[in-house]
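Below: the structure, in structure tokens.
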There are 2 protein chains.
Amino acid sequence: MDASAFEYFHAVARTGSISRASVELGMEPSTVTRHIARLEQDAGVKLFHRSGRGMLLTDAGALLLQEAGKVVDTLQHARRVAADLAAGGPSQIVVAAQPTIVKVCFAAMAHALRSRYPRARVRVIEGSAHELVSWLHQGKVDAALLYVPHLAQGHAGGEVLLREPLHCIFPAVQPAPPGPVTVPAALELPLILPSTSHGLRALAESWAQRHGKSLDVVLECDGSTSMTRRMVQAGLGCTILPLASVEEEVGRGLLQAVRIEGPEALRSVVLATAQNRPPVTGLLDITHLLRDTVFQLVDAGRWPGVDRRTA
Amino acid sequence: MDASAFEYFHAVARTGSISRASVELGMEPSTVTRHIARLEQDAGVKLFHRSGRGMLLTDAGALLLQEAGKVVDTLQHARRVAADLAAGGPSQIVVAAQPTIVKVCFAAMAHALRSRYPRARVRVIEGSAHELVSWLHQGKVDAALLYVPHLAQGHAGGEVLLREPLHCIFPAVQPAPPGPVTVPAALELPLILPSTSHGLRALAESWAQRHGKSLDVVLECDGSTSMTRRMVQAGLGCTILPLASVEEEVGRGLLQAVRIEGPEALRSVVLATAQNRPPVTGLLDITHLLRDTVFQLVDAGRWPGVDRRTA
DNA sequence: TTACTTTACGCGAAGCGTAACAATT
DNA sequence: AATTGTTACGCTTCGCGTAAAGTAA
């Protein structure tokens, strides 16, 4: 029973159709049919229910898919290591980060990675914190930059690169305090925040609990922070964000940002790598490069709101 | 890059020679050579140092072997699941146990497994407790019967089948106490025991510590317990074993066995399965069968020194 | 010399694509 | 009718084994 049979099977099960799998695999549908037919003959059971609309896994098929998935993953890793050997260094580098971080430093990072590893395929992905840890765990990304909500760092194998102060974001039309505000003062404001399970919302909730207040959430706004920014610009309320997220709007006078005081208003940016998986070739080099890039950005004043003192 | 390439590579690296790998793989040496040569070409580096005596991994080869090993393991599991599907039940059953347990009940177990799963390949392996947990973790065995030293059960996903009392084993020439002895009394005896890291030795050490005594170990005897038995027969000292290990010699008057009193002199026999790995087809059935076999042996009085009361 | 790996060569089989067919919606 | 899966057929290619050559101990 050849390993490629499991790969074909995996593709068909995932796409739910022979024709879709065939284009993904770059071969003719008839070939895929033959492979599936042979696998079913070898296994002695039907792995799919056939219908005019596609292929649906049977119970036995679902069982075998578990194993097929592992085979595909393992093979992919092995091939990648071989490719790394051939390239004399990493042949593929995948870095992910949360949107704000992407905005600030992924241009510089992509540039640094490309010039350091010209022969490697460099991929950058944007995702939520939850997605990032999941991707790390699955080995889909090599390194990730993410916010750790408060002082709860050390949960994963991450190195704290810097601490970024959070700001209260006001509409341009509303008079904002001239200097930094305290956390309790921020909690008095009508806020536009993401719904639960988002890092910033969880942080705000923990502030409210600690100071014995309740949040005045006038609007829940999920998705990209640009939507939240537009809501604040429209004067519906204030929000809490790092300065980097709104630097441009602040510069153009569309929004006002006031720093929130105190250590609880600091979010750590950590550089995380997968601990459970074997490190990719040159991962240590890569993390060094990413770290240096971040520090250079901060030193050049290109990370709004962050300097060496806060970091 | 085909998965079979990794399998061939794995075989060559493991055996250290193309010719040995070729017989293991059931093919001609020239074929294996071609596969390795192509893999090296794809990887762009030499994976082996060639010498007139065989093949030795390079650094790059060692790196790739890590991945190749995972590929081989994963593929093996996937093929097995497929074979289970084809057989309509488990196609292979691997059960392991510590030597004494093997001696007492593996004949009955092998018989029960063969009659329950006539189409399956049944394998039984004997090994030390340390090896057993390692094999379970690696997925090399489906179920294992092993002794848990004292009352520290529950560490792994194991079910306690019974508790077996330990005995003091005396030479035939030496007058032995007529009835059960206490743990402190046993600790006074000159003992022949395995060296550290063996379960029985660790148990004896813990007794000594708890009763504030020190062991009088006249001889350390590693390997099979039959060596220990011969040493006791020769009159060099006493030892501590379950009755099942020495039943035959006791019956022939070559040794004397005296039960040790108290709950601390009981060893639990646990039926363990791998928790970290997906269960094999019908594993639940198999464990049921093994459990019933043990209980039937005990009820029939075929497990020396154990009855329903101690169990 | 001996044991092992590698190359050359010819053959056979396995797998692919094209194209026609069948079945479900 | 349209989309999708399956079967038939001819062909190419890939990989195996045999046999000879090369190479280190």
Side-chain angles (χ1 to χ4, degrees), chain A residues 1-62 64-65 68 71-72 75 79 82, chain B residues 1-62 64-65 68 71-72 75 79 82:
Chain A
M1 198 170 303
D2 194 359
S4 56
F6 292 111
E7 298 186 273
Y8 300 141
F9 170 61
H10 185 254
V12 173
R14 199 157 31 78
T15 61
S17 119
I18 291 226
S19 40
R20 275 191 292 273
S22 70
V23 303
E24 184 175 304
L25 295 167
M27 48 192 2
E28 298 303 312
S30 65
T31 308
V32 181
T33 292
R34 261 197 307 268
H35 275 119
I36 298 299
R38 198 167 86 167
L39 187 61
E40 285 183 325
Q41 193 169 343
D42 288 349
V45 280
K46 286 267 168 274
L47 299 171
F48 293 99
H49 295 294
R50 268 79 166 172
S51 72
R53 288 275 170 229
M55 314 276 280
L56 196 89
L57 278 175
T58 62
D59 289 353
L64 191 59
L65 180 61
V71 170
V72 170
L75 254 179
R79 289 188 177 124
Chain B
M1 197 170 304
D2 193 359
S4 56
F6 292 112
E7 298 187 274
Y8 300 141
F9 170 60
H10 185 253
V12 173
R14 199 158 30 77
T15 62
S17 120
I18 291 220
S19 40
R20 275 192 292 273
S22 71
V23 304
E24 183 176 304
L25 296 167
M27 48 192 359
E28 297 304 309
S30 65
T31 307
V32 181
T33 291
R34 261 196 309 266
H35 276 117
I36 298 299
R38 197 166 84 168
L39 186 61
E40 285 183 326
Q41 194 168 343
D42 289 348
V45 277
K46 286 267 168 274
L47 300 170
F48 293 99
H49 294 295
R50 270 77 166 173
S51 71
R53 289 275 170 230
M55 314 274 281
L56 197 88
L57 279 175
T58 63
D59 290 352
L64 191 59
L65 180 62
V71 170
V72 170
L75 254 179
R79 289 189 177 124

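Chain identifiers are assigned alphabetically (A, B, ...) following the order of the sequence lines, protein sequences preceding nucleic acid strands; residue numbering begins at 1 within each chain.
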Charged N to carboxylate O under 4.0 angstrom, A:E7 versus A:R14?
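No, A:E7 and A:R14 are not salt-bridged.
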Looking at B:R50 and B:E40, does any basic side-chain N land under 4.0 Å from a carboxylate oxygen?
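Between B:E40 and B:R50 there is a salt bridge, with a charged N closer than 4.0 Å to a carboxylate O.
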Residue [X], side-chain heavy atoms: nucleotide from [options] that is nearest:
X	options	answer
B:R34	D:dC16, D:dA8, C:dT5	D:dC16
A:H35	C:dC16, D:dG17, D:dG5	C:dC16
B:S51	C:dG17, C:dC9, D:dA25	D:dA25

Calculate the interatomic distance between [X] atom [atom1] and [N] atom [atom2]; express it in whole Å.
X	N	atom1	atom2	result
B:I36	C:dC4	CD1	P	17 Å
A:I18	D:dT7	CD1	P	10 Å
B:M55	D:dA25	CE	P	14 Å
B:M27	D:dT18	CE	P	12 Å
A:R20	D:dG5	CZ	C1'	13 Å
A:H49	C:dA23	NE2	C1'	17 Å
A:E24	D:dT4	CD	P	15 Å
B:Q41	D:dC14	CD	P	14 Å

So, is [X] near the phosphate of [N], with a side-chain N or O under 4.0 Å from OP1 or OP2?
X	N	result
B:S19	C:dT5	yes
A:T33	D:dT6	yes
A:T31	C:dG17	yes
A:R38	C:dA14	no
A:S30	D:dG5	no
A:R50	D:dT6	yes

Measure the spacing between CG of B:L25 and NE2 of B:H10 and express it to the nearest 0.5 Å.
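Nearest 0.5 Å value for the CG-NE2 distance: 11.0 Å.
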Supply the atom-to-atom distance A:E24 CD to A:S19 OG, rounded to the nearest 0.5 angstrom.
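Interatomic distance, A:E24 CD to A:S19 OG, rounded to 0.5 Å: 11.5 Å.
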On DNA chain D, compare the nucleotides closest to B:E28 and A:P29; which residue's is nearer the 5' end?
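On the 5' side of the pair lies A:P29.
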Donor-acceptor pair, A:T58 side chain versus A:H49 backbone, under 3.5 Å?
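Looks like no, no N/O pair under 3.5 Å.
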Donor/acceptor link under 3.5 angstrom from A:R53 side chain onto base of D:dG5:
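Per atom types, no contact qualifies.
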